[in-house]
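Notes follow the structure.
Computation of the quantities below employed the complete heavy-atom set of this structure, encompassing side-chain atoms and omitting hydrogens, waters and symmetry-equivalent molecules. Both counts, for ligands and for their atoms, begin at 1 and track the order of listing.
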Amino acid sequence: MTTQVGFIGLGIMGHPMALNLHKAGHQVFVHARRPASMAPLAQAGCIACDTAAAVAASADVIFIMVADTPDVEQVIFQENGVIHGAKPGAVVVDMSTISPTATRRFAKDLQARGLEMLDAPVSGGDVGAINGTLSIMVGGKPAVFERVKPLFEAMGKNIVLVGDNGAGQVAKACNQIVVAVTIEAVAEALTFARKSGVDPAKVRDALLGGFAGSRILEVHGKRMLDNNYQPGFKTKLHQKDMNIVMQTAKEMGLALPAAALVMQHMNALMGTGDAELDSAAVMKIIERMSGVER
Ligand code: NAP
């Protein structure tokens, strides 16, 4: 069945995701700040709109894929935002990675206006977005999830309703903790091998088959060995996500010592001009601290 859907935020992730909805046969109304971001989608058959409100006026389900919490707030609530066009009962689906606390507030505000919300952040990167194989972690009401699920299936494969509003963002924060701390562990282990005079590539090979094996050892470990930090997932985005993790932990009075340490190393990367590198570049900080040269 053709559904009229909206898509706001057409960057590395939003562009291919909107395209996959279009390819699945839906009528897709799109918006980004710059006309240049909308042009290729309009050429592909999507309908470009000047404002988020115009997208919302045409769609039953409105997807958002922008950078950070203030961007989502702006797109939904500010002048020309989604609330100024949305039809009663429409669903706002935020797929950006943002604060769980702010997400719960947004959901409450939308509900007070007769609108539904799901938070549905993703994992899988640009490759997953292009191939329609993203993991999608959803927070919201089960009935609303069931309504949107066929649309999620055009963009992802592993689609899980985790809990109520905000639970999707909590799951994504958990994902980023595991990825960050594992990157740190892999960087330290491979540097330990190198400093010991043992080939770190051989160590990685040996570890991949055992309990220390992981996707991070495989993918990020290879980037570290090759000294090639082409993203991938940029340090500035990973740092943004760790900031969400640490801020939320602070609100809860929760200590996350390992995550906090990795965030310091990401801060250092930002300060040394490496914001655009893949976050596996944490390796550079570990090497620098102990004078490891290659
Ligand atoms: P991106 O390439 O920077 O794209 C962001 C898009 O949002 C752009 O099209 C931008 O418009 C639009 N936008 C931002 N603020 C806006 C506003 N206030 N009003 C209207 N449009 C606005 O970012 P991305 O890599 O696609 O990431 C999007 C989200 O997905 C982030 O939360 C990120 O953490 C998450 N994520 C990313 C990856 C990844 O591998 N990149 C993986 C998983 C999750 P313009 O084009 O006009 O500038």
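- Using modelled atom types, one finds a donor on one side chain and an acceptor on the other under 3.5 Å when comparing Ser96 with Asp94.
- Distances from atom 1 (P) of ligand 1 to the heavy atoms of Gly11, Gly9, Ala32 put Gly11 nearest.
- Of all protein heavy atoms, the one lying nearest to atom 25 (O) of ligand 1 is Ile12 CB, 3.7 Å.
- In this model, a donor atom of one side chain and an acceptor atom of the other lie less than 3.5 Å apart for Gln239 and Asn267.
- Contacts with ligand 1 closer than 4.0 Å are made by side-chain heavy atoms of Lys240 only, the backbone lying farther away.
- Taking atom 28 (C) of ligand 1 as the reference point, the nearest protein heavy-atom neighbour is Val66 O, 3.4 Å.
- Nearest protein heavy-atom contact of atom 35 (C) of ligand 1 is Thr97 OG1, 3.8 Å.
- Given atom 30 (O) of ligand 1, the protein heavy atom at minimum distance is Met65 CE, 3.1 Å.
- A donor-acceptor contact closer than 3.5 angstrom is absent between the side chains of His26 and Gln4.
- When each atom of ligand 1 is checked for a heavy atom of Ser96 under 4.0 Å away, the hits are 32 (O).
- Under a 4.0 Å N-O distance rule, the pair Asp109/Arg113 does not qualify as a salt bridge.
- Note that CG of Leu256 is 12.0 Å distant from CG of Leu261, once rounded to the nearest 0.5 Å.
- Residue Gln74 has at least one heavy-atom neighbour below 4.0 Å for each of these atoms of ligand 1: 18 (N).
- Between Phe63 and Phe7, the two ring planes are parallel [angle under 30°; tilted spans 30° to 60°].
- Side chains of Arg34 and Ser37: a donor on one and an acceptor on the other come within 3.5 Å.
- Note that atom 23 (O) of ligand 1 has no protein non-hydrogen atoms nearby, at separations under 4.0 angstrom.
- Of all the heavy atoms of Ala67, the ones lying under 4.0 Å from any atom of ligand 1 belong exclusively to the backbone.
- Dense packing is recorded around CD of Glu146, with more than 12 heavy atoms of other residues, nucleotides or ligands lying under 6.0 Å away.
- Environment of NZ in Lys87: crowded, with over 12 heavy atoms of neighbouring residues, nucleotides or ligands closer than 6.0 Å.
- In summary, the atoms of ligand 1 found under 4.0 Å from a heavy atom of Asp71, numbered by their order in the structure, are 15 (N).
- Scanning the protein for heavy atoms near atom 47 (O) of ligand 1, the closest one is Arg34 N, 2.6 Å.
- Put simply, OG on Ser279 and CZ on Arg223 are 8.0 Å apart, with the number rounded to the nearest 0.5 Å.
- Only the side chain of Val75 comes within 4.0 Å of ligand 1, counting heavy atoms alone; its backbone N, CA, C and O stay farther away.
- Atom numbering of ligand 1 starts at 1 in the shown order; those under 4.0 Å from a heavy atom of Ser37 are 45 (P), 46 (O), 47 (O).
- The contact set between ligand 1 and Lys172, taken as ligand atoms under 4.0 Å from a residue heavy atom, comprises 43 (C), 44 (C).
- Nearest non-hydrogen protein atom to atom 9 (O) of ligand 1 is Leu10 N, 2.9 Å.
- For atom 27 (O) of ligand 1, the closest heavy atom belonging to the protein is Met13 CG, 4.0 Å.
- Between the side chain of Thr3 and the backbone N or O of Val5 there is no donor-acceptor pair closer than 3.5 Å.
- The single protein non-hydrogen atom nearest to atom 20 (C) of ligand 1 is Arg33 CG, 3.5 Å, given as residue, atom name and distance.
- No heavy atom of Ser123 sits closer than 4.0 Å to any atom of ligand 1.
- Contact annotation for atom 3 (O) of ligand 1: protein absent (non-hydrogen atoms, distance under 4.0 Å).
- Side chains of Glu251 and Thr101: a donor-acceptor N/O pair is present below 3.5 angstrom, by distance only.
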